[in-house]
Enquirer: 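This is the structure I want to talk about, given as structure tokens.
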Amino acid sequence: MPRRPYIGVMASNTDQEISDEELVRRISEGNHGAFAQLVERHSKLFFSAAYRMLNNVEEAEDTVQDAYVKLWQQPDRFDPSKGVKFTTWFYRVVTNLAIDQTRKRKPQVKSEVLDVMADKAPLADEQLSEQDEQTALEEAIDRLPERQKAALNLCFYEGLSNKEAAEVLDVGVKALESLLMRAKKALKEDLGGQGLLDNTAERKTG
Amino acid sequence: MTNELDTLLSKRKAVPEMPEGMNARIIAEAARTEQVRGKAKGKLSLGGVFVRLFDGMFPSPQPAWAAAAAVVVLALGFVIGDMVDIGLVETVAENDNLSSFMSVEDSFSVEEWV
């Protein structure tokens with residue numbers, strides 16, 4: 001039997017019919033239940049987005065928590081009259097907080113990445129295991145500029161449309177496509193240089 | 001092993017499970033934030049009370065000590081008023097001998113000035 005949610009009042013089917021926007025309105029009236037329901041409904045989604053940006057479970061949790069607490073403190077910052085969905089707006093909050101967190105720890109991460117790269121250099125011509133491929137991919141994505149990384153995560157891993165991702169990053173769709181194109185180009189160069197990409201195939205696809 | 005980029009991107013490791021109790025911690029943190037605000041309302045300091053009392057009297061924000069000083073002056077006024085009422089303090093109006101009260105000599109004549 002699945003575990004009951006820790007806040008039992010949140011789990012009824014009728015609650016599922018309440019829109020996110022209505023829940024935020026209730027939060028602005030100090031409704032704890034509405035806040036708990038919004039947390040239950042989307043925390044997994046935003047944890048995933050934060051984790052993809054930070055690659056660290058604790059930091060991802062802290063980021064999502066910060067975002068939700070800010071929502072609780074200042075729910076009026078979400079303005080549904082602008083025609084933006086709650087999830088799109090909240091992706092922006094989480095992504096910006098994650099970028100802030102990345103900036104705080106940047107020097108440390110860079111040195112760690114350089115250490116890993118130095119260790120891997122002798123293995124460049126060897127066949128890499130799948131785990132090594134994943135590690136190399138994570139590191140390559142981590143080396144991308146913040147906004148390229150966010151664009152890639154949102155579109156490729158979080159399943160957002162280009163339009164939604166553009167709204168999250170507060171850019172036009174063309175600018176988002178440019179971010180994605182540059183991210184892929186950088187990854188091709190980075191991973192191709194490590195022998196992880198089929199260069200023939202990549203030349204064909206451009 | 002070589003791949004196309006999209007194939008490699010799809011091999012990215014999955015996001016780990018959300019930490020157990022994360023939602024509870026988020027809700028508790030939000031509740032704690034609200035409790036702090038609630039306590040601040042309930043535990044208004046004496047200085048804060050004075051500032052609020054005199055908020056309407058002073059157009060610009062005044063420090064608590066200024067409000068307290070105003071209260072002291074007001075209280076002093078009431079005390080002196082009471083002392084006058086019970087005759088502990090003699091006022092000019094109650095003293096018939098105005099010249100002695102003012103320490104002015106009675107021998108003054110207008111001619112001296114003409």
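Values reported hereafter were calculated over all heavy atoms of this structure, with side chains retained and with hydrogens, waters and symmetry mates removed. Just so we're on the same page: letters track the sequence lines, and every chain starts at 1.
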Enquirer: To the nearest 0.5 Å, what is the distance between NZ on A:Lys44 and CD on B:Glu17?
Expert: 5.5 Å

Enquirer: Within the structure provided, determine whether B:Leu9 and A:Leu187 are in side-chain contact (heavy-atom separation under 4.5 Å).
Expert: yes

Enquirer: Any side-chain heavy atom of A:Asn55 within less than 4.5 Å of one from B:Lys13?
Expert: yes

Enquirer: For A:Asp20, enumerate each residue passing the side-chain contact (heavy atoms from CB on, under 4.5 Å) test, keeping only those at least two apart in sequence or located in another chain.
Expert: A:Leu38, A:Arg41, A:His42, A:Phe86, A:Thr87

Enquirer: Between A:Gln134 and B:Lys11, is there a donor-acceptor pair closer than 3.5 Å when you use the side chain of the first and the backbone of the second?
Expert: yes

Enquirer: Which atoms of A:Lys184 come close to chain B, meaning under 4.5 Å heavy atom to heavy atom: side chain ones, backbone ones, both, or neither?
Expert: both

Enquirer: Heavy-atom distance under 4.5 Å to chain B: side chain of A:Glu61, backbone, both or neither?
Expert: both

Enquirer: Side chains of B:Arg32 and A:Val69: does their closest heavy-atom pair fall under 4.5 Å?
Expert: no

Enquirer: Counting only heavy atoms closer than 4.5 Å, note whether A:Ile141 contacts chain B via side chain, backbone, both or neither.
Expert: side chain

Enquirer: Is the shortest side-chain heavy-atom distance between A:Phe156 and B:Asp6 below 4.5 Å?
Expert: yes

Enquirer: Nearest 0.5 angstrom please: B:Leu5 CG to A:Lys185 NZ, how far?
Expert: 13.0 Å

Enquirer: Which answer fits A:Asp66, side chain, backbone, both or neither, if we ask what part of it has an atom under 4.5 Å from a heavy atom of chain B?
Expert: neither

